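First comes the structure, then the notes that go with it.
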Amino acid sequence: MSSHSHLNHVPSNTPSEVDLNPDIPLLTYGQEDDDKHALIVPPFMNRTKRIHPMPFSDTASTVSLPPRPMDPKKDLAVYGYGTVAWKDRMEEWRKRQNDRLQMVKHQGDGGANGHGDDVDDPDLPKMDEGRQPLSRKLPISSSKINPYRMVILTRLAILGLFFHYRILHPVTDAYALWMVSVICEIWFAVSWIFDQFPKWFPIERETYLDRLSLRYEKEGKPSELAPVDVFVSTVDPLKEPPLITANTVLSILAVDYPVDKVACYVSDDGAAMLTFEALSETSEFARKWVPFCKKFSIEPRAPEWYFSEKVDYLKDKVHPAFVRERRAMKREYEEFKIRINGLVTMAQKVPEEGWTMQDGTPWPGNNVRDHPGMIQVFLGQNGVRDTEGNELPRLVYVSREKRPGFDHHKKAGAMNALIRVSAVVSNAPYLLNVDCDHYINNSKALRESMCFMMDPTSGKKICYVQFPQRFDGIDRHDRYSNRNVVFFDINMKGLDGIQGPIYVGTGCVFRRQALYGYDAPTKKKAPGKTCNCLPKCFEGVVDLWLTWIFVTGIDSEKTALMPQIKFERKFGQSPVFIASTLLEDGGVPPGATSASLLKEAIHVISCGYEDKSEWGKEVGWIYGSVTEDILTGFKMHCHGWRSVYCIPKRPAFKGSAPINLSDRLHQVSRWALGSVEILFSKHCPIWYGYGCGLKPLERFSYINSVVYPLTSIPLVAYCTLPAICLLTGKFIVPEISNYASILFMLMFLSIAVTSILEIQWGRVAIDDLWRNEQFWVIGGVSAHLFALFQGLLKVLAGVNTNFTVTSKGGDDGDFAELYLFKWTTLLIPPLTLLIFNIIGVIVGISDAISNGYESWGPLFGRLFFAIWVILHLYPFLKGMMGKQSNVPTILIVWSILLASILSLLWVRVNPFLDRGGIVLEVCQLDCD
């Protein structure tokens with residue numbers, strides 16, 4: 001095979017060939033094998049904790065003491081309570097507790113006196129800090145939240161009076177305009193209610209990482225922190241640059257967490273050899289990068305952003321070798337970037353015969369739509385260590401099988417494949433899901449989430465911990481509201497006070513059991529109510545069936561076959577995976593070889609594995625929408641789980657935002673399309689999930705998240721009304737009385753005060769709030785409108801529409817491309833409305849000038865209405881004028897032509913003019 005027909009391959013001295021277990025092939029991928037399921041796993045039931053241990057009581061160790069009788073007529077001091085001696089005894093007890101607490105911290109040293117026997121005392125509780133909650137709620141102060149709630153109720157009352165006036169005072173000479181405006185305003189009011197009331201109980205949270213370490217990490221003993229599997233998803237390496245994916249992977253491998261409890265799974269849904277080779281290079285560079293990060297405690301641990309930070313990197317650094325090693329590491333990273341960029345350049349032109357692997361065999365993924373499943377373990381095997389001899393987290397490449405004729409369900413299907421692979425290979429009880437462009441910005445992010453998940457009091461009911469999205473590469477003004485601060489800092493805090501935030505698709509730590517479709521644990525089961533929880537449904541038969549799986553391996557009694565059928569209908573036909581679902585604390589069967597587990601992992605990512613199972617329906621990421629995140633979180637909340645919103649002082653994750661308006665609108669259009677799909681599905685929150693664990697205000701939020709694309713139609717109509725009013729001289733309200741003036745002033749005042757109070761308790765800048773309002777209009781009249789029609793076509797006519805993966809940010813130091821226009825039909829509606837309203841303002845002012853002083857009074861209301869629209873579309877106008885040379889000519893021509901035709905047509909066919917006929921009058925001239 002010619003040398004140009006393959007990418008750069010793994011060097012012969014890399015750990016991929018030398019250090020990995022020789023029993024594991026360089027690349028494991030699916031082949032025809034009749035012995036796929038012949039996997040005998042040793043019994044491990046006595047060594048691993050199941051989800052639901054059998055009740056146990058040791059009567060011999062329990063001594064029943066009679067209660068001490070107390071005479072209520074006597075003073076409590078008689079019994080020793082409340083006296084000075086009692087207080088002294090309490091102080092002595094606290095002192096002893098503090099002394100023993102210090103012993104807990106230094107138990108690995110044998111204590112201060114050299115004797116460590118007392119430290120292992122089983123009666124020693126995890127005291128004081130160790131016994132305290134790992135997190136706490138921080139309610140918004142009453143001085144901020146009570147006025148906010150009062151203003152909301154006042155605004156609701158004003159809204160009722162407003163509609164009472166609007167409906168009872170129609171405009172007779174412009175009845176159509178009045179009717180359209182009232183319908184739009186009613187819809188806006190309903191949307192406001194769905195958006196506003198889920199923000200009624202906003203809270204913030206605080207975590208205590210020191211308590212987490214005190215409870216689960218004791219010196220001299222193995223860490224008791226729970227393992228975490230991290231999922232990274234990517235599709236097209238030409239649109240999602242491999243260098244960005246590599247930085248995300250490197251930040252995961254260098255996270256501040258026990259290395260033996262972290263496993264990173266990279267899903268390559270495009271089966272690209274470029275991604276495979278880039279990941280191989282990344283695994284080699286990680287052997288140098290990870291020890292450097294941990295040695296000097298650097299932040300962030302994604303090298304691209306660490307070396308590009310314009311900060312004093314010597315701050316708080318005292319190690320004498322730091323400067324020298326930093327320079328050497330920066331040089332290593334630049335060489336790593338050159339190798340990755342070389343792979344990208346070589347991959348631009350695919351050879352006719354396709355790519356080949358190092359041994360000369362064709363790359364299994366040459367046909368993206370028809371290839372076997374592929375799994376490669378790069379790191380985490382025996383012998384693969386960093387340059388300082390320390391272990392590294394596991395790094396696994398996964399590309400699921402794809403065949404023609406199967407629906408692979410895009411990202412949701414890829415995530416479900418990762419769930420099954422990770423369950424077979426590592427089976428951590430918690431999962432972290434990040435996009436390929438969202439790197440870990442805070443190395444303690446996993447610890448932050450464990451403060452909630454592993455809290456002994458409230459952790460069992462938490463299905464996921466959602467972190468806010470923060471972004472790099474956005475200019476200071478954030479013209480297109482890429483940061484989406486209002487949603488992440490106001491709306492999500494409000495939801496956290498109800499049942500928890502919605503899942504936003506990335507930066508989220510899940511409880512694996514919640515993804516399996518189990519109900520949240522409850523203290524008491526309601527009589528006559530069925531649930532989906534494992535111990536309720538399969539109590540009494542789990543032990544029998546586990547024995548059947550792991551010991552006999554053959555047919556068992558009928559009582560054992562029944563749960564087997566139920567489990568296979570739910571999870572598919574994989575005994576190893578099904579057994580893993582029964583383990584709350586995770587873990588894999590001891591004694592199983594890596595080769596046998598990888599063989600089973602190939603089976604669970606086959607394209608037909610999910611047939612006749614509940615994957616995508618009740619288990620895993622839910623299918624049926626391109627925005628699988630909303631559906632997945634919604635189903636968990638319907639099962640009674642609650643979620644948590646965590647905002648560390650240092651942002652946990654950071655990502656790349658779309659770099660221009662066109663890509664931003666395509667991204668918003670895809671989100672809106674997913675909401676429309678949910679709106680017309682059986683999982684619509686308007687009618688799905690009643691009688692389960694979903695709280696009413698949480699349902700309000702989910703309803704708002706799926707109906708907001710419908711707002712595009714009244715929004716387009718409402719933004720068109722000002723221009724029509726200016727061109728015709730009509731208005732949507734009659735002559736305003738003093739009562740009406742006061743009502744309108746109170747309405748605008750309540751809106752302003754509500755916004756001011758929100759940015760106060762949400763700590764959001766007023767600029768961010770205004771940018772959010774502006775882009776709400778821009779996206780509403782463009783992306784949401786197109787998504788609504790696309791969704792209707794898909795649901796009613798079966799016409800599928802493919803979404804475009806938004807470009808991930810490259811090098812835009814001067815933000816030159818941030819305002820670059822690319823041709824797209826999404827740009828036509830906002831530009832048309834903008835020009836239409838500008839023409840209306842010009843015509844209205846010209847008419848007022850020609851008609852005299854009396855016409856200026858009625859004009860002000862129409863001008864205010866039109867200027868409101870223009871100001872909301874101003875970012876669009878500014879971007880267009882700032883980069884006028886880059887605006888497609890066809891975009892300007894079509895918009896001006898369409899606006900001109902509509903304006904002239906309205907002037908020619910004005911429905912508000914009297915059509916009684918031509919009136920002839922006798923002139924005073926004598927024609928004779």
Side-chain angles (χ1 to χ4, degrees), residues 162 165-166 169-185 188 713-738 740-741 743-745 747-748 751 770 773-774 777-778 780-782 828-878 880-881 892-915:
F162 172 80
Y165 171 81
R166 291 284 282 134
H169 294 80
V171 183
T172 55
D173 60 341
Y175 192 83
L177 293 180
W178 169 83
M179 178 64 71
V180 171
S181 65
V182 170
I183 293 175
C184 294
E185 290 162 359
F188 294 152
I713 294 179
L715 186 59
V716 170
Y718 211 68
C719 290
T720 308
L721 289 177
I724 296 176
C725 292
L726 288 167
L727 291 174
T728 60
K730 309 296 181 181
F731 201 38
I732 59 175
V733 294
E735 185 176 349
I736 300 179
S737 62
N738 292 335
S741 300
L743 201 58
F744 278 96
M745 290 176 61
M747 190 68 195
F748 286 114
I751 294 174
W770 175 236
E773 290 293 323
Q774 288 178 315
V777 175
I778 295 174
V781 300
S782 57
I828 293 180
L831 190 56
T832 301
L833 287 173
L834 188 62
I835 296 175
F836 196 27
N837 279 275
I838 291 175
I839 292 175
V841 170
I842 295 174
V843 171
I845 294 177
S846 301
D847 184 66
I849 293 175
S850 61
N851 291 336
Y853 175 78
E854 295 181 354
S855 60
W856 282 97
L859 177 65
F860 284 135
R862 304 185 189 100
L863 282 179
F864 174 81
F865 201 11
I867 292 174
W868 178 88
V869 176
I870 294 173
L871 287 178
H872 278 79
L873 296 175
Y874 174 71
F876 187 91
L877 176 63
K878 185 176 180 180
M880 184 183 68
M881 299 303 294
I892 300 177
V893 171
W894 270 103
S895 299
I896 295 177
L897 180 62
L898 185 58
S900 301
I901 291 175
L902 291 176
S903 302
L904 294 174
L905 185 62
W906 188 270
V907 173
R908 177 67 183 86
V909 187
N910 192 337
F912 300 104
L913 291 179
D914 186 9
R915 301 303 181 185

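As the structure is a computational prediction, the values presented were derived from the model and not from experiment. Positions are given from 1, in the same order as the sequence printed here.
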Residues which pass ring-ring contact (aromatic ring centres under 6.0 Å, His included) with Phe731, listed by chain and number, not counting sequence neighbours: none
Donor-acceptor check, side chain of Asn837 to backbone of Pro722, threshold 3.5 angstrom: yes or no?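 No, the answer is negative, given that no donor and acceptor are paired below the 3.5 Å cut-off.
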Within the side chain of Arg862, is there an N or O that forms a donor-acceptor pair under 3.5 Å with the backbone of Ile724? no
Value rounded to 0.5 Å, distance of [atom1] in [X] from [atom2] in [Y]:
X	Y	atom1	atom2	value
Leu727	Ile842	CG	CD1	10.5 Å
Tyr165	Phe744	OH	CZ	6.0 Å
Leu726	Phe836	CG	CZ	10.0 Å
Leu833	Ile838	CG	CD1	11.0 Å
Tyr718	Glu185	OH	CD	3.5 Å
Phe748	Leu743	CZ	CG	10.5 Å

Does any non-hydrogen side-chain atom of [Y] lie less than 4.5 Å from one of [X]?
X	Y	result
Trp178	Thr172	no
Val716	Pro829	no
Leu863	Ile845	yes

Go through His169 and Val733 one step at a time and tell me if the side-chain contact (heavy atoms from CB on, under 4.5 Å) criterion holds. CA-CA 8 Å; His169 294 80; Val733 294; over 6 Å; no
Of all the heavy-atom pairs spanning [X] and [Y], show the shortest one and how long it is.
X	Y	result
Leu177	Lys730	CD1-CB, 4.1 Å
Pro830	Leu873	O-CD1, 3.7 Å
Leu715	Gly780	CD2-CA, 3.8 Å
Val777	Cys719	CG1-SG, 4.2 Å

